[in-house]
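Below is one structure; the comments refer to it alone.
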Amino acid sequence: MRQTHLFTKTRKEAPADEIAKNAELLIRAGYVHKEMAGAYDFLPLGLKVLNNIVRIIREEMDALGAEELFLTSLQDPEVWKASGRWSDEVVDNWFKTKVKSGGDAGLGFTHEEPLVRIMTSHVHSYKDLPRLVYQFQTKFRNEARAKSGVLRGREFLMKDLYSFARTPEEHHELYERVKAAYMRIFERLGIGEKTYPTFASGGTFSKYSHEFQTVCEAGEDLIYVDEKKRLAVNREVLTDDVLRDLGLHRETLVEQKAIEVGNIFEQGTRFSEPLHLTYKDESGGEKAVQTGAYGIGPSRVMGTIVELLSDEKGIVWPVSVTPFQVHLVAIPGTSGARIHKAADALYDALRKKGVETLYDDRDLRPGEKFADSDLIGIPTRVVISEKTLDAGKLEVKDRKTGAVSMLLESELIESLLTQTVAFSM
Ligand code: ATP
Ligand code: MG
């Protein structure tokens, strides 16, 4: 994409009321727009990043054999009354509205109830199980505090997967497979090293739930990390009993602030019983289905990456989610026509090889172009200037390390294609 075709502009300052680093940088670089507290618009660059995050999660969900669907945001009060979650006393962050023909509708903050009800039309026998079903869907939560930028939206994107199993044993197998897929997802998203499976409070049907917590100063949670075992305990369950149960010791735990990027729950028959999701087993007996729920917030992940990997100059995207693989910056100097001709040719060559490129063809001073490039955070910057043309090479700068090398076009393309291979599945 030519940067002259990109309608978004960078800006020096974020809105005065924006205090979260992730939103500040994302707004300044033109990835998101703040509509109001807890509500962010994803602009073209932001949507590209979000879609990359979604693609990686989708690939791992599909690899599990999960089936994708898309449920409506509008919620029927009846099914939520049946599970006991319609009341504002039980769920304190509902957005609810009136419908014209009379009655209420909710805006989904999660989707167990409608999905379990759907499954009652399709699951009848032990032969219909197990199943994994997921979606990417906008969730609405009337969060009390929305000061963390895209980390905590009142409207946000969630990937929610649900499992349906015959027995607790079968459920456990699915649960462990999803847990492993989650770690692969966070690794591919570039935050694997800082992300720990974390024991957190369970519900009626399980002792614990598992959170995936990414160690980060901007986090709202406090976790206690056992680095050797690569797991953690959320403060909310940190007691001597729990530590003994998990075989952990206070002396080896390190307190860290962290962002919850994912959360997985065992639900037993919490939803299947009230909503009558049952199946006939091999001997004809009627049994309640065992369910589990598994969430990841792609928009929160995007904010987490920004919080973790940015530096004083701006954002630093991992190759796996970057909006463009290369930022091609033309510095026309005194021989504009010659430079633009060479840059246009390289832009075409990169596109032909399938390398997604943002081409800064704007008529701006070099200092402004480089500052924008640092702020936008594309991992590889390629500069074409009089100096590089005279040398018959390209100046290639790594956004993360700042390392500069002079490469032939063929060497550049080879290294970019190697990157692409390394980051596909
Ligand atoms: P939190 O404890 O941070 O409020 P939660 O435990 O309510 O989150 P879940 O209901 O388990 O979150 O949601 C699944 C995932 O959705 C979370 O792990 C997180 O990645 C994401 N998520 C939850 N709430 C928000 C939000 N307000 N904005 C953005 N992402 C969110
Ligand atoms: Mg939580």
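The analysis underlying the following values was restricted to heavy atoms, covering all of them including side chains, and did not include hydrogens, waters or symmetry mates.
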Steps toward salt bridge (Lys or Arg N to Asp or Glu O under 4.0 Å) verdict (Lys387, Asp390): CA-CA 5 Å; Lys387 189 182 96 189; Asp390 290 344; over 6 Å; no
Kindly check if the number of other-residue, nucleotide or ligand heavy atoms within 6.0 Å of NZ (Lys147) is above 12? no
Inspect the surroundings of CZ in Arg250 and state if more than 12 heavy atoms from other residues, nucleotides or ligands are less than 6.0 Å away. yes
Examine distances only and state if a side-chain atom of Thr195 and a backbone atom of Ile191 form a donor-acceptor pair shorter than 3.5 Å. yes
One pair to check against salt bridge (Lys or Arg N to Asp or Glu O under 4.0 Å): Arg184 and Glu187. What are the steps and the verdict? CA-CA 5 Å; Arg184 277 197 299 280; Glu187 256 159 51; over 6 Å; no
Looking at Lys353, I want to see if its NZ is surrounded by more than 12 non-hydrogen atoms of other residues, nucleotides or ligands under 6.0 Å. no
Please answer whether the main-chain N or O of Ser121 pairs with a side-chain N or O of His124 as donor and acceptor at a distance below 3.5 Å. yes
Student check: side-chain heavy atoms of Leu25 and Leu375 closer than 4.5 Å: yes
Should Phe205 and Phe265 count as side-chain neighbours, where that means a heavy-atom distance under 4.5 Å? no
Taking the six-membered ring of Tyr134, is the NZ or CZ of Lys159 close enough (under 6.0 Å from the centre) and on axis enough (within 45°)? no
Using the ring of each side chain (for Trp, its six-membered ring), is Tyr182 parallel, tilted or perpendicular to Phe212, with breaks at 30° and 60°? tilted
Check whether any side-chain N or O of Ser373 sits under 3.5 Å from a backbone N or O of Lys369 as a donor-acceptor pair, and report yes or no. no
Quick check against the 3.5 Å criterion: does Asn22 have a side-chain atom that pairs as donor or acceptor with the backbone of Val150? yes
Lys341 with Asp344: basic N within carboxylate O range, under 4.0 Å: no
Reported CD1-to-NE2 distance for the pair Ile118 and His111, which is rounded to 0.5 angstrom: 8.5 Å
Quick one, Leu45 and Phe324 - any side-chain contact, counting heavy atoms below 4.5 Å? yes
Taking the side chain as everything from C-beta on, heavy atoms only, tell me whether Ile259 gets closer than 4.5 Å to Leu308. no
Look at atom CD of Glu411 and say whether more than 12 heavy atoms of other residues, nucleotides or ligands are closer to it than 6.0 Å. yes
How long is the gap from CG on Asn52 to OG1 on Thr322, to the nearest 0.5 Å? 8.0 Å
From CA spacing to verdict: side chain to side chain donor-acceptor pair (under 3.5 Å), Glu395, Ser385: CA-CA 9 Å; Glu395 184 188 300; Ser385 64; 5.6 Å; no
Answer yes if the side chains of Gln267 and His171 hold a donor-acceptor pair under 3.5 Å, and no otherwise. no
On a heavy-atom basis, which atom in Tyr208 and which in Val242 lie closest, and how many Å separate them? OH-CG1, 3.7 Å
Carboxylate-amine/guanidinium contact Glu217 Lys257, below 4.0 Å: yes
CD/Glu60 to CE/Met183 distance, rounded to the nearest 0.5 angstrom? 12.0 Å
If you define the side chain from C-beta out and look only at heavy atoms, does anything of Thr8 sit under 4.5 Å from Tyr31? no
With side chain to side chain contact (heavy atoms under 4.5 Å, CB included) as the test, would you mind laying out the steps for Phe164 and Leu115 before giving the verdict? CA-CA 11 Å; Phe164 301 89; Leu115 182 59; 3.9 Å; yes
Looking at Arg381 and Asp360, is there a salt bridge between them, counting it only when a charged N and a carboxylate O are closer than 4.0 Å? no
Starting at CD of Glu24, measure out to CZ of Arg11 and round the result to the nearest 0.5 Å. 10.0 Å
Side-chain touch Thr380/Gln325, heavy atoms, less than 4.5 angstrom: no
Which heavy atom in Trp317 sits nearest to a heavy atom in Pro379, and how many Å separate them? O-CG, 3.6 Å
Please lay out, stage by stage, how Ile296 and Phe186 fare under the test side chain to side chain contact (heavy atoms under 4.5 Å, CB included). CA-CA 10 Å; Ile296 297 181; Phe186 296 122; 4.0 Å; yes
Kindly give the heavy-atom pair with the smallest separation between Asp128 and His122, and that separation in Å. OD2-O, 3.7 Å
With a cut-off of 6.0 Å (strictly less than), are more than 12 heavy atoms of other residues, nucleotides or ligands near NZ of Lys207? no
Going by ring-ring contact (aromatic ring centres under 6.0 Å, His included), name the pairs with one or both residues in residues 348-371, residues two or more places apart or in two chains. Tyr347-Tyr359
Under a 3.5 Å cutoff, is there a donor and acceptor pairing between the side chains of Gln135 and Asp160? yes
I want to check a possible cation-pi pair here: Arg230 against Tyr196, using under 6.0 Å from ring centre and within 45° of the ring axis as the test. yes
Decide if atom CD of Glu220 counts as having more than 12 heavy atoms of other residues, nucleotides or ligands within a radius under 6.0 Å. yes
According to the interplanar angle, ranging from 0 to 90°, do the rings of His210 and Phe199 count as parallel (below 30°), tilted (30 to 60°) or perpendicular (above 60°)? tilted
Between Gln75 and Pro114, which heavy-atom pair has the shortest distance, and what is it? OE1-CG, 3.3 Å
What is the minimum heavy-atom distance between Pro130 and Arg166, and which atoms define it? CD-NH2, 3.3 Å
Closer than 4.0 angstrom, basic N to acidic O: yes or no for Glu368 and Arg362? no
Are Lys400 and Asp398 close enough for a salt bridge, meaning some N to O gap below 4.0 Å? no
Mind checking whether Leu26 and Ile315 have side chains closer than 4.5 Å, heavy atoms only? yes
Can a side-chain donor-acceptor contact be found between Tyr175 and Ser163 if the only test is distance below 3.5 angstrom? no
Nearest 0.5 Å, what's the CG-CZ distance between Leu151 and Arg300? 6.5 Å
With a 3.5 Å distance limit and no angle check, can you tell me whether Ser320 reaches the backbone of Pro318 through a side-chain donor-acceptor pair? no
Mark yes or no for whether Arg399, through its side chain, and Asp374, through its backbone, hold a donor-acceptor pair below 3.5 Å. yes
Check whether Lys21 reaches the backbone of Glu307 with its side chain - one donor and one acceptor, N or O, closer than 3.5 Å. yes
Does a side-chain N-to-carboxylate-O contact under 4.0 Å join Arg351 and Asp348? yes
Do Arg270 and Glu112 sit within salt-bridge range, that is, some charged N less than 4.0 Å from a carboxylate O? no
Minimum heavy-atom separation for Met158 to Pro298, with atom names? CA-CD, 3.8 Å
Distance (rounded to the nearest 0.5 Å) between Met1 CE and Lys48 NZ: 7.5 Å
Using atom types as modelled and distance alone, determine if a side-chain donor or acceptor of Gln213 lies under 3.5 Å from a backbone N or O of Asn234. no
Taking C-beta and beyond as the side chain, do Tyr162 and Thr110 meet within less than 4.5 Å on heavy atoms? yes
From the list Phe140, Trp94, Trp86, ring pair (Phe, Tyr, Trp, His ring centres under 6.0 Å) with Phe109 holds only for Trp94
For Lys139, does the NZ atom sit with more than 12 other heavy atoms under 6.0 Å from it, leaving out its own atoms? yes
Determine yes or no for a side-chain-to-main-chain donor-acceptor pair under 3.5 angstrom, with Ser405 supplying the side chain and Leu407 the backbone. no
